[in-house]
Every structure is written in structure tokens, then in C-alpha cells.
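Heads up, the thing below is written out as C-alpha cells.
Residues: numbered from 1 along the sequence shown.
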Amino acid sequence: MATVTLITDAEASPEVRAVFDDIRATRGGDFINNFWRALAHDPALLDATWQRLKSVMGPGTLDPLTKELIYIAVSVTNGCEYCAHSHTAAARAKGMTPAQHGEFLAVIGMASQTNALATALQVPVDDAFKV
């Protein structure tokens with residue numbers, strides 16, 4: 001259960017409506033998800049978060065699917081169910097196949113295991129790996 005109400009379009013202030021409109025235009029659809037509706041209680045935070053996300057997830061040297069996969073991996077690591085679900089949906093929309101999803105989850109599981117082992121063993125970092 002959310003700790004705040006989710007701001008509806010009817011309840012949105014002009015500042016919030018402007019961000020919602022930009023989300024719709026950028027994403028090419030009418031859907032505003034619950035994350036943005038929860039952030040709408042603080043219009044400045046809503047706008048700053050949207051602008052940063054739009055910049056980071058926008059065109060760059062990494063392709064859009066790779067960015068979504070990174071977002072999912074970090075979300076899983078941080079235990080954020082919401083972001084894991086929303087970015088998995090976004091990855092599927094960007095072409096992630098079921099086979100890729102399975103392989104990706106195997107990589108996350110492997111990294112989690114080897115990270116835990118390296119941490120538990122306090123393995124020193126090889127000089128060859130240091131930049």
C-alpha cells in the first residue's frame with residue numbers, strides 16, 4: 001500500500017499536468033504510471049526526477065534495451081519490486097525475448113552469488129583489474 005495517495009489528472013496542479021503531458025508526449029501514450037503519480041505530491045521532485053530519467057534513459061551510446069536491463073539489475077539488487085516490474089515491461093516493449101530474459105536473470109543470479117563469495121572471502125582486487 002502506498003504511503004501517499006496517487007495524484008489523478010483531475011487533482012494535478014498545472015506544474016504536475018505539464019510533467020504528465022511531457023511523459024505522455026515522450027512515451028507516445030496516455031498512461032501515467034503510479035510512480036509518477038506518487039511523486040506528484042512534490043511537483044519540483046517530480047519534474048527533476050522526470051528530467052533526469054528522460055536524459056539518462058534517452059539516446060546515448062548504450063542502446064535502449066541495454067539501459068532497461070541495467071535498470072532491472074539495479075532494481076533487483078536494491079529490492080525494488082516496482083522498478084523491477086516496470087522496467088521488465090519496458091525491456092519487453094523494447095524487444096527483450098523470453099530467452100534473453102532467462103539468460104539475463106541467470107547473469108543476475110551468477111553475479112549475486114560471486115559477489116557474495118568475493119565479499120565473504122574478502123578477495124583482494126588484482127592489480128591487473130585496477131585502472
* Answer yes or no: is there a side-chain heavy-atom contact under 4.5 Å between Glu15 and Val19? => no
Interatomic distance, OG@Ser86 vs CD@Glu68, rounded to 0.5 Å, equals 8.0 Å
Can you check whether Gln51's main-chain N or O pairs, donor with acceptor, with Ser55's side chain at less than 3.5 Å?
-> no
### Query
Any side-chain donor paired with an acceptor under 3.5 Å for Thr5 and His41?
yes
Tightest non-hydrogen contact, residues Leu65 and Gln100, listed as CD2-OE1, 4.3 Å
Sequence neighbours excluded, the answer for side chain to side chain contact (heavy atoms under 4.5 Å, CB included) partners of Thr61 is none
Separation between CE (Met57) and OH (Tyr71), nearest 0.5 Å, reads 7.0 Å
Sequence neighbours excluded, the answer for side chain to side chain contact (heavy atoms under 4.5 Å, CB included) partners of Thr66 is Leu62, Asp63, Ile70
Quiz: residues 117-131 side-chain donor-acceptor pairs under 3.5 angstrom, not counting sequence neighbours:
{"unit_1": "Thr119", "atom_1": "OG1", "unit_2": "Asn115", "atom_2": "O", "d": "2.8"}
{"unit_1": "Gln122", "atom_1": "NE2", "unit_2": "Thr119", "atom_2": "O", "d": "2.4"}

dist Phe20:CZ -> Trp50:CH2 (nearest 0.5 Å) comes out at 11.5 Å
dist Arg17:CZ -> Arg24:CZ (nearest 0.5 Å) comes out at 11.0 Å
Nearest heavy-atom contact between Ala84 and Ile72 is O-CG1, 4.4 Å
Looking only at atom types and distance, does a side-chain atom of Asn78 sit under 3.5 Å from a main-chain N or O of Cys80, one as donor and one as acceptor?
-> no
Scanning both residues in full, the closest heavy-atom pair of Pro59 with Lys67 reads C-NZ, 4.2 Å
Residues Phe104 and Leu69: closest non-hydrogen pair is CZ-O, 3.1 Å
Going by chain and number, the hydrophobic cluster around Val4 (ILVMFWY, side chain to side chain under 4.5 Å) further includes none
Within a strict 4.5 Å, meaning less than it, do heavy atoms of the Thr88 and His85 side chains meet? no
For Ser112, the side chain to side chain contact (heavy atoms under 4.5 Å, CB included) test, sequence neighbours excluded, returns Ile108
Pairs under 3.5 angstrom only: tabulate donor-acceptor contacts from the side chains of residues 32-39 to other protein residues two or more places apart or in another chain.
{"unit_1": "Asn33", "atom_1": "OD1", "unit_2": "Phe35", "atom_2": "N", "d": "3.2"}
{"unit_1": "Asn33", "atom_1": "OD1", "unit_2": "Trp36", "atom_2": "N", "d": "3.4"}
{"unit_1": "Asn33", "atom_1": "OD1", "unit_2": "Tyr82", "atom_2": "OH", "d": "3.4"}
{"unit_1": "Arg37", "atom_1": "NE", "unit_2": "Ile32", "atom_2": "O", "d": "3.1"}
{"unit_1": "Arg37", "atom_1": "NH1", "unit_2": "Ile7", "atom_2": "O", "d": "2.9"}
{"unit_1": "Arg37", "atom_1": "NH1", "unit_2": "Asp9", "atom_2": "OD1", "d": "3.1"}
{"unit_1": "Arg37", "atom_1": "NH2", "unit_2": "Asp9", "atom_2": "OD1", "d": "3.2"}

Here the gap from Glu11 atom CD to Thr8 atom OG1, rounded to the nearest 0.5 Å, amounts to 3.5 Å
Side-chain contact test, heavy atoms from C-beta onward, threshold under 4.5 Å: evaluate it for Arg92 versus His101 and give yes or no. yes
